[in-house]
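Structure first, commentary second.
Below, chains carry the letters A, B, ... as their sequence lines are ordered, and counting in each starts from 1.
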Number of protein chains: 2
Amino acid sequence: MANRPVTIKDIAEKLSISVSTVSRALKNNPEISLTTREAVQKLAKELKYQPNPLAVALKTQKSNTIGVVVPQIVSSFFATVVKGIEQVADEHNYQVFVSSSNEKIEKEEKNVNGFLNMRMDGIILSLTRATTTFDHILKIQDRGVPMVLFDRTSKEIEVSKVVADDAAAAHTAVTHLINGGAKRVAFMTGPEFMLFGTNRLRGYKKALKDNNIPLDETLISRCDFTYEDAKNLALDLLGRSNRPDAIFAINDDMAIGAIAAAKELGLNVPNDLAVVGFSNSRRSRYMEPSVSTMDQNPIAVGREAATLLFEQMEKTPEAKDIKEVVVHADLIVRTSSDK
Amino acid sequence: MANRPVTIKDIAEKLSISVSTVSRALKNNPEISLTTREAVQKLAKELKYQPNPLAVALKTQKSNTIGVVVPQIVSSFFATVVKGIEQVADEHNYQVFVSSSNEKIEKEEKNVNGFLNMRMDGIILSLTRATTTFDHILKIQDRGVPMVLFDRTSKEIEVSKVVADDAAAAHTAVTHLINGGAKRVAFMTGPEFMLFGTNRLRGYKKALKDNNIPLDETLISRCDFTYEDAKNLALDLLGRSNRPDAIFAINDDMAIGAIAAAKELGLNVPNDLAVVGFSNSRRSRYMEPSVSTMDQNPIAVGREAATLLFEQMEKTPEAKDIKEVVVHADLIVRTSSDK
DNA sequence: GTGAAAGCGCTAACAA
DNA sequence: TTGTTAGCGCTTTCAC
């Protein structure tokens, strides 16, 4: 028990050579004779030698790790973004460490500081809703550590970003509904202060305009992001005399609520009511097979963010330029399988 | 740009004292005069000194971190368990690092090795479904690093564990349905090879027996864990002449499917059909307000696992004993709010 | 009460 | 081709 890990020194002693020779041999440095190189590598394998990353990082000032801070990990959107990040980090042979700020700025600061202290080589983060002060972010730049923000970004800091095209996605979704024959498309969304809600609303309005459909403000309705609230809201919408013939819902919870309401009222989806739900992720499986979704494509968000980060890490500190990548959401059309 | 972090040496130089004095002063070592202690601490704060955890860990052979390996992070169950772990780690002033094995044993081994290399002080993990070889687990013990397994464990390794009481939970749920007046309780579950399915089935059977209700094998039905499959299965179940008057569903997807099927058939939930869904988490909000759920209590699982780990870390290597903690699921009864 | 020195495991400039 | 030395930032024994 408590078997000490094998060090470079152990190898050196067994082979009666110096540690520096071992170090070089392990890196396949051609300055070292092939014979010793092979001997070292063979023994290393036998002893299952693994370099101590702490020592390496302390010495080289680089840890081959990147840190990711997300507002919450209990969210398929963020969890999936992380997956995307891990994919490309893997390709670059970097380890990824994730921590969650739980929507609290103090935790966000703590996490960032922790990552900085750990000498991580790059940081990817998505801000808390409450983040209004940016000292900790500036500190990252101050240290010269590459960084990219995604999804929850801020105009107040100059840094590379990966964002969603909320307005364009909403435009696509609503256009799809209109092309399907809808004349009165309702928009179910959340509280006014949510930025992505505002952007999607913009796309909604533009789509109507582009199709010469007059805007009917009564079709824009807001409620909290819960199934129950959405269902009640939809019950109200669909109970009106001039009810909508289509609903664009801002997320899948709302779409599910809308469908439940429609069923309760005896409406057939999608014949009587077409629905497109904006989805964070694969949860669309909860929806009826005939409901189309806008998939926000979180894997792509993650991959783009990581790619941007690695681009920066390769550049010299002065050559770093700021980029902004927009990830497009995919419209996944599902046609009714009713008989 | 590229501002070098402040070190103990910087402080020592500014104060014209030795680094060892600074080191001691920062730890409030009473051997150091109060005057210098205060001077050092003041300057440290001014310069925003933060110890380099790499150097500390390298020197002290302890990193104040624990590692968590989960099969997947895109799962509210595991994500929530991690949250529970973080809570108690926070209380102990430990940092938590999480990595996902994506249900692949190679990745699991890689993660474990990474954590070991990083000299993490403890490891909490939940095995891949495919984990059948345990060399990497034994290596943890071999190194003398405290470890606890949760949820997905194995009888093949002697180690502390935190598990769910699947059988007892199922027993509670089914008893609840019977007490509510159900005579024919159906059990909707997944493929046969899933261990928790087997355990819950055991609880189901025992509950029937304890209530003198004869087992009707036709009420035990299996399908894949998707909404669509569950709905179809329920349509079949509920379409029978002697249909069940209650359904115990093994997870919330299935419960949702069952409810959708009931509605489609014009049955009122819970009057015509009582439903209890076994839930991983808070997703029960998708369910109708009148559906009760067994909450698996993942936060508690996480907290218990971490608590067990810290207990072990405090003990001397030889005094470590193996414990097994069972976390009980909570029955959350929701009564119909129908008017 | 404080400092000098060694060492954690590794890398790299400089010598030989 | 290989070894010696210094040092990354910190802790800790031993001296004074």
State whether B/Thr60 places a side-chain N or O below 4.0 Å from either non-bridging phosphate oxygen (OP1 or OP2) of D/dC10.
-> no
So, is A/Thr7 close to the C/dC8 phosphate, meaning a side-chain N or O under 4.0 Å from OP1 or OP2?
-> no
Inspect the contact between [Y] and [X] and indicate whether a charged nitrogen and a carboxylate oxygen are less than 4.0 angstrom apart.
X        : Y        : answer
B/Glu106 : B/Lys110 : no
A/Glu103 : A/Arg152 : yes
B/Lys323 : B/Glu304 : no

Do you know which of A/Phe310, A/Tyr94, A/Phe115 makes side-chain contact (heavy atoms from CB on, under 4.5 Å) with A/Asp121?
-> A/Tyr94
Expressed as a whole number of angstroms, how long is the span from [X]:[atom1] to [N]:[atom2]?
X        : N      : atom1 : atom2 : value
B/Lys9   : D/dC8  : NZ    : C1'   : 10 Å
B/Leu58  : C/dA6  : CG    : P     : 18 Å
B/Gln61  : D/dT11 : CD    : P     : 14 Å
A/Arg119 : D/dC10 : CZ    : P     : 8 Å
A/Asn117 : D/dG9  : CG    : P     : 13 Å
A/Asn64  : C/dC10 : CG    : C1'   : 14 Å
B/Lys27  : D/dC10 : NZ    : P     : 10 Å
A/Asn52  : C/dT11 : CG    : P     : 10 Å

Nearest-nucleotide comparison on DNA chain C, the residue closer to the 5′ end among A/Val6 and B/Ser18 | B/Ser18
Report the residue (B/Lys59 or B/Glu31) whose heavy-atom-nearest nucleotide on DNA chain C is the more 5′ of the two.
-> B/Glu31
Taking atom types as they are modelled, is there a donor-acceptor pair under 3.5 Å from the base of C/dG3 to the side chain of B/Arg24?
-> yes
Less than 3.5 Å between a donor and an acceptor, one on the side chain of A/Ser20 and one on the base of D/dT4, is that the case here?
-> yes
Sugar-phosphate only, base, or nothing, as touched by B/Ile17 at under 4.0 Å among non-hydrogen atoms | sugar-phosphate
Which part of the nucleic acid, if any, lies within reach of B/Ser23 when heavy atoms closer than 4.0 Å are counted: base, sugar-phosphate only, or nothing?
-> base
What is the distance from atom OG1 of B/Thr153 to atom CD of B/Glu324, rounded to the nearest 0.5 Å?
-> 6.5 Å
Nearest-nucleotide pick for B/Thr21, side chain only, options being C/dG3, D/dC10, D/dT2 = C/dG3
